[in-house]
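Structure record follows, encoded as structure tokens.
Being a predicted model, the structure only gives us computed values, none of them experimental. Proteins get letters first, then strands, A, B, ... in listed order; numbering begins at 1 in each.
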2 protein chains.
Amino acid sequence: MNIGDVASQTGLPAKTIRYYEDISLIKPLRDDNGYRRFREQDVHKLNFLGRARALGFTIEDCRTLMALYEDETRASADVKKVARAHLAQIEAKIADLNAMRDTLGHLIDACAGDDRPDCPILQDLGGKP
Amino acid sequence: MNIGDVASQTGLPAKTIRYYEDISLIKPLRDDNGYRRFREQDVHKLNFLGRARALGFTIEDCRTLMALYEDETRASADVKKVARAHLAQIEAKIADLNAMRDTLGHLIDACAGDDRPDCPILQDLGGKP
DNA sequence: CCTTGACCTTCCTGTGACTGGAACCCTCAT
DNA sequence: ATGAGGGTTCCAGTCACAGGAAGGTCAAGG
């Protein structure tokens with residue numbers, strides 16, 4: 001399989017797949033013409049990576065998770081640890097964004113949004129006393 | 001005022017303040033020795049920027065908001081439009097993160113987290129059929 | 001045989017909003 | 001004179017790619 005086929009099968013852009021090879025997440029073979037040749041295991045890995053990335057894991061987390069995936073003697077505790085750390089990050093981010101949303105939502109509600117210059121949003125940003 | 005004083009007054013790192021000058025968000029004066037000299041208005045702008053950034057506005061949004069802030073003939077509708085677009089982005093991000101949190105949360109709950117290799121998290125990432 | 005178009009390759013640059021660090025200058029107190 | 005603690009510029013790195021240029025490869029059609 002060439003990169004285009006793999007791209008449409010996995011839903012990952014070819015650019016991304018090349019990048020993953022660059023950083024050694026996958027190691028496809030090469031044909032005589034220099035084209036990458038992907039085996040089933042490569043496609044499987046790419047699907048794994050796509051799902052892990054969709055859950056927001058960093059590339060380094062993905063590397064760790066893939067190593068655990070391929071290690072038959074792994075302890076599920078190690079996987080869970082990585083996942084929990086990531087979940088904590090997600091929850092922190094959500095809390096930040098919720099705070100922003102609340103503040104911004106109130107300001108927007110208070111703003112007339114007409115052609116006059118008075119604006120609680122700018123007043124707040126300007127440090128309304 | 002020198003950059004260090006402004007940094008501690010605004011809570012912004014000196015690096016960030018220099019960067020904001022680089023991209024022309026602020027234009028402090030210069031002393032004969034080459035040091036930046038910040039006026040009250042510069043500090044005020046930096047506080048504005050700090051608050052806008054804390055609400056998650058991009059630098060380009062900040063530029064727009066500052067221009068509106070300084071334009072006495074602005075229409076509050078223009079401000080509100082920028083804010084609402086940003087709010088929509090925040091809410092989209094929150095939705096994404098909530099989905100991740102839910103999926104990841106379920107997987108973590110299902111994982112024993114002991115020294116055995118069986119792991120629903122990896123099974124899911126591997127595409128458990 | 002030639003061309004066309006769809007693939008593929010590598011390499012370089014840019015993104016956003018900074019952060020870290022090197023190498024150097026200024027000022028004041030000891 | 002020296003040292004500490006400011007300041008300055010400039011360059012590189014971050015993260016996970018995306019865009020684009022310049023060129024090689026392959027199958028089909030004329």
| For B:R74 and A:R116, what are the C-alpha separation, side-chain angles and deciding distance, and is it a side-chain contact (heavy atoms from CB on, under 4.5 Å)? | CA-CA 7 Å; B:R74 70 186 164 250; A:R116 285 171 302 165; over 6 Å; no
| request: Would you name the heavy atoms of B:D61 and B:H86 that are closest together and state the gap between them? | output: OD2-CB, 4.5 Å
| task | Please work out whether the ring planes of B:Y69 and B:H44 are parallel, tilted or perpendicular, with thresholds of 30° and 60°. | result | parallel
| request: Report the distance from atom CD1 of B:I17 to atom P of C:dA17, rounded to the nearest whole Å. | output: 17 Å
| remark: Distance col, row B:I94:CD1 vs A:L97:CG, nearest 0.5 angstrom, shows 5.0 Å
| task | In whole angstrom, give the distance that lies between atom CE of A:M1 and atom P of C:dC7. | result | 14 Å
| request: Determine: side-chain N/O of B:T16 to OP1/OP2 of C:dT19, distance under 4.0 Å, yes or no. | output: yes
| query | Between atom CG in A:D22 and atom P in C:dC12, what is the gap in whole Å? | reply | 12 Å
| For the pair made of OH in A:Y19 and P in C:dT10, what is the distance, rounded to whole Å? | 16 Å
| B:I3 CD1 to C:dT19 C1', straight-line distance once rounded to whole Å | 14 Å
| request: Quickly work out the B:R18 CZ to C:dC18 C1' distance and round it to whole Å. | output: 13 Å
| request: Using the closest heavy atom to pick a nucleotide of DNA chain C for each, name whichever of B:Y35 or B:T58 lands nearer the 5' end. | output: B:T58
| query | Are B:Y35 and B:L12 in one and the same hydrophobic cluster, where Ile, Leu, Val, Met, Phe, Trp and Tyr link if side-chain heavy atoms are under 4.5 Å apart? | reply | no
| message | Under 4.0 Å, heavy atoms only, any strand: does A:F57 hit a base, just the sugar-phosphate, or nothing? | response | nothing
| For the atom pair CD1 (A:I90) and CE (B:M100), what is the distance rounded to the nearest 0.5 Å? | 6.0 Å
| request: Scan A:I23 against the nucleic acid and name what it touches under 4.0 Å (heavy atoms): base, sugar-phosphate only, or nothing. | output: nothing
| remark: To the nearest angstrom, the NZ-C1' distance between A:K15 and C:dT9 comes to 11 Å
| request: Under 4.0 Å from any heavy atom of chain A: name the first and the last nucleotide of DNA chain D that qualifies, 5' to 3'. | output: D:dA16 to D:dC26
| Minimum-distance pair of heavy atoms, taken over all atoms of B:A75 and A:D115 | CB-CA, 3.6 Å
| field | Most 5' of A:P13 and B:D5 on DNA chain D, judged by nearest nucleotide | value | B:D5
| field | Side chain of A:R30 (C-beta onward), nearest among C:dC18, C:dT19, C:dT9 | value | C:dT9
| field | Rounded interatomic separation in angstrom, taking OH from B:Y20 and C1' from C:dC18 | value | 8 Å
